[in-house]
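Worksheet for the structure shown next.
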Amino acid sequence: MDADSYFWKTKKRPLKTKPRTKPLPKAKEKYLEAEETLFQELEEHLIGYERKFQFESTKNWRFDFYIVKLRLLIEIAGSPWAVGRGGKKIANAFNKYDLAEDMGYKIQRFEPHAIESGSVIRWIQGQLERLEDGTDQTISTDRLD
């Protein structure tokens, strides 16, 4: 039966068999520059990392960088994997963050201008120093109750 006769008999259009595919969102220029800057700084300071880290193999969720020693996931604002506008995307991103935290990762999201200014690499180095010194406690043990 052709499409016209099907429509006149049922008053419905036939289902389209070709699936709609949407291309991945494109990364912004600021994001690309910030990602390259952070990559070069991590290489320069010999900090162990993984790029485009996928913590859950069954999901298509990625973080831009993973600092191995700190178990820190870094997401740069503006990445194609970052939170976009819209209810489903935001809910999906919160799912991603919750699952990562449940697995024991720490998550940090940075703006590209913070990376370009060098404050992010200084912060990471400070965290690594605190970890090596053993002063990674958030609550003082010598305080009086």
Side-chain angles (χ1 to χ4, degrees), residues 1 3 6-7 10-145:
M1 183 182 309
Y6 178 81
F7 174 75
T10 62
K11 300 295 184 209
K12 297 179 182 176
R13 297 277 175 207
L15 295 175
K16 295 182 180 180
T17 57
K18 182 180 174 186
R20 283 192 247 169
T21 57
K22 245 170 105 172
L24 286 174
K26 301 286 186 226
K28 298 176 183 163
E29 189 64 33
K30 287 182 183 179
Y31 161 77
L32 295 172
E33 291 170 3
E35 183 185 33
E36 187 61 30
T37 301
L38 188 58
F39 165 69
Q40 289 172 355
E41 289 172 342
L42 290 171
E43 285 285 319
E44 184 179 307
H45 294 287
L46 301 174
I47 297 173
Y49 71 94
E50 283 186 47
R51 206 169 179 179
K52 303 286 185 226
F53 181 69
Q54 185 173 2
F55 68 94
E56 180 72 29
S57 61
T58 59
K59 301 281 186 184
N60 201 16
W61 293 336
R62 289 182 178 82
F63 284 91
D64 297 314
F65 289 95
Y66 169 56
I67 308 300
V68 179
K69 204 169 192 179
L70 295 173
R71 289 190 55 86
L72 174 70
L73 298 169
I74 297 176
E75 187 164 82
I76 304 170
S79 83
W81 306 107
V83 180
R85 292 191 309 182
K88 188 175 181 181
K89 287 182 182 178
I90 290 172
N92 199 13
F94 286 137
N95 251 355
K96 169 176 139 177
Y97 294 154
D98 290 343
L99 183 62
E101 285 178 352
D102 289 345
M103 293 173 79
Y105 295 107
K106 291 182 269 181
I107 301 164
Q108 203 64 34
R109 185 178 163 92
F110 295 110
E111 293 293 325
H113 63 82
I115 295 170
E116 295 289 334
S117 69
S119 62
V120 172
I121 196 70
R122 287 191 301 270
W123 180 81
I124 292 171
Q125 287 176 323
Q127 294 294 316
L128 286 170
E129 288 170 6
R130 283 180 49 199
L131 185 68
E132 289 170 4
D133 293 343
T135 58
D136 197 25
Q137 298 174 354
T138 54
I139 300 173
S140 167
T141 57
D142 61 333
R143 69 172 209 200
L144 299 171
D145 288 325

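Just so it is clear, the model here is predicted, and its values are computed rather than measured. The chain is numbered in sequence order, starting from 1.
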For this session: Scan Q108, K96, R62 and name whichever one has a side chain to side chain donor-acceptor pair (under 3.5 Å) with E75.
Result: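 Option passing the side chain to side chain donor-acceptor pair (under 3.5 Å) with E75: K96.
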Does the side chain of [Y] come within less than 4.5 Å of [X]'s, by heavy atoms?
| X | Y | result |
| --- | --- | --- |
| K69 | L128 | yes |
| L42 | I67 | yes |
| Y31 | D64 | yes |

Which heavy atom of [X] sits nearest to which heavy atom of [Y], and what is that distance?
| X | Y | result |
| --- | --- | --- |
| T10 | Y6 | OG1-O, 2.7 Å |
| S117 | R122 | O-NH1, 3.9 Å |
| I107 | Y97 | CD1-O, 3.4 Å |

Problem set entry | Short side-chain donor-acceptor distance under 3.5 Å, Q40 and E36 |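 Note: E36 and Q40 side chains meet the donor-acceptor criterion.
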Exercise. Hey, mind stepping through E43 and Y49 against side chain to side chain contact (heavy atoms under 4.5 Å, CB included) and telling me if it holds?
Worked result: CA-CA 9 Å; E43 285 285 319; Y49 71 94; 2.5 Å; yes
For this session: Kindly write out the residues that satisfy ring pair (Phe, Tyr, Trp, His ring centres under 6.0 Å) with Y66, not counting sequence neighbours, or none if the list is empty.
Result: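 Y66: ring pair (Phe, Tyr, Trp, His ring centres under 6.0 Å) contacts with F53, Y105.
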For this session: Look up atom CZ in R130 and atom CG in L70, then write down how far apart they are to the nearest 0.5 Å.
Result: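 If we round to the nearest 0.5 Å, R130:CZ and L70:CG are 10.0 Å apart.
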Problem set entry | Interatomic spacing from CD1 in I74 to NZ in K106 - rounded to 0.5 Å |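 One gets 11.0 Å once the value is rounded to the nearest 0.5 Å.
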Exercise. What residues, two or more places apart in sequence or in another chain, satisfy salt bridge (Lys or Arg N to Asp or Glu O under 4.0 Å) together with E35?
Worked result: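 Only R51, K52 meet the salt bridge (Lys or Arg N to Asp or Glu O under 4.0 Å) criterion with E35.
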For this session: Test K12 against F7 for side chain to side chain contact (heavy atoms under 4.5 Å, CB included), laying out the working first.
Result: CA-CA 5 Å; K12 297 179 182 176; F7 174 75; 5.8 Å; no
Problem set entry | Main-chain N/O of A114 paired to S119 side chain as donor or acceptor, under 3.5 Å |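 Between the backbone of A114 and the side chain of S119 there is a qualifying donor-acceptor contact (under 3.5 Å).
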Exercise. What pairs with H45 under side-chain hydrogen bond (donor to acceptor under 3.5 Å, both in side chains), at least two apart in sequence or on another chain?
Worked result: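 In terms of side-chain hydrogen bond (donor to acceptor under 3.5 Å, both in side chains), with neighbours along the sequence ignored, H45 is linked to Q125.
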Problem set entry | Enclosure of K11 NZ (heavy-atom neighbours >12, cutoff 6.0 Å) |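 Atom NZ in K11 is packed in, count exceeds 12.
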For this session: Give the C-alpha distance, both sets of side-chain angles, the deciding distance and a yes or no for side chain to side chain contact (heavy atoms under 4.5 Å, CB included) between F65 and L72.
Result: CA-CA 8 Å; F65 289 95; L72 174 70; over 6 Å; no
For this session: With side chain to side chain contact (heavy atoms under 4.5 Å, CB included) as the test, would you mind laying out the steps for I115 and I121 before giving the verdict?
Result: CA-CA 7 Å; I115 295 170; I121 196 70; over 6 Å; no
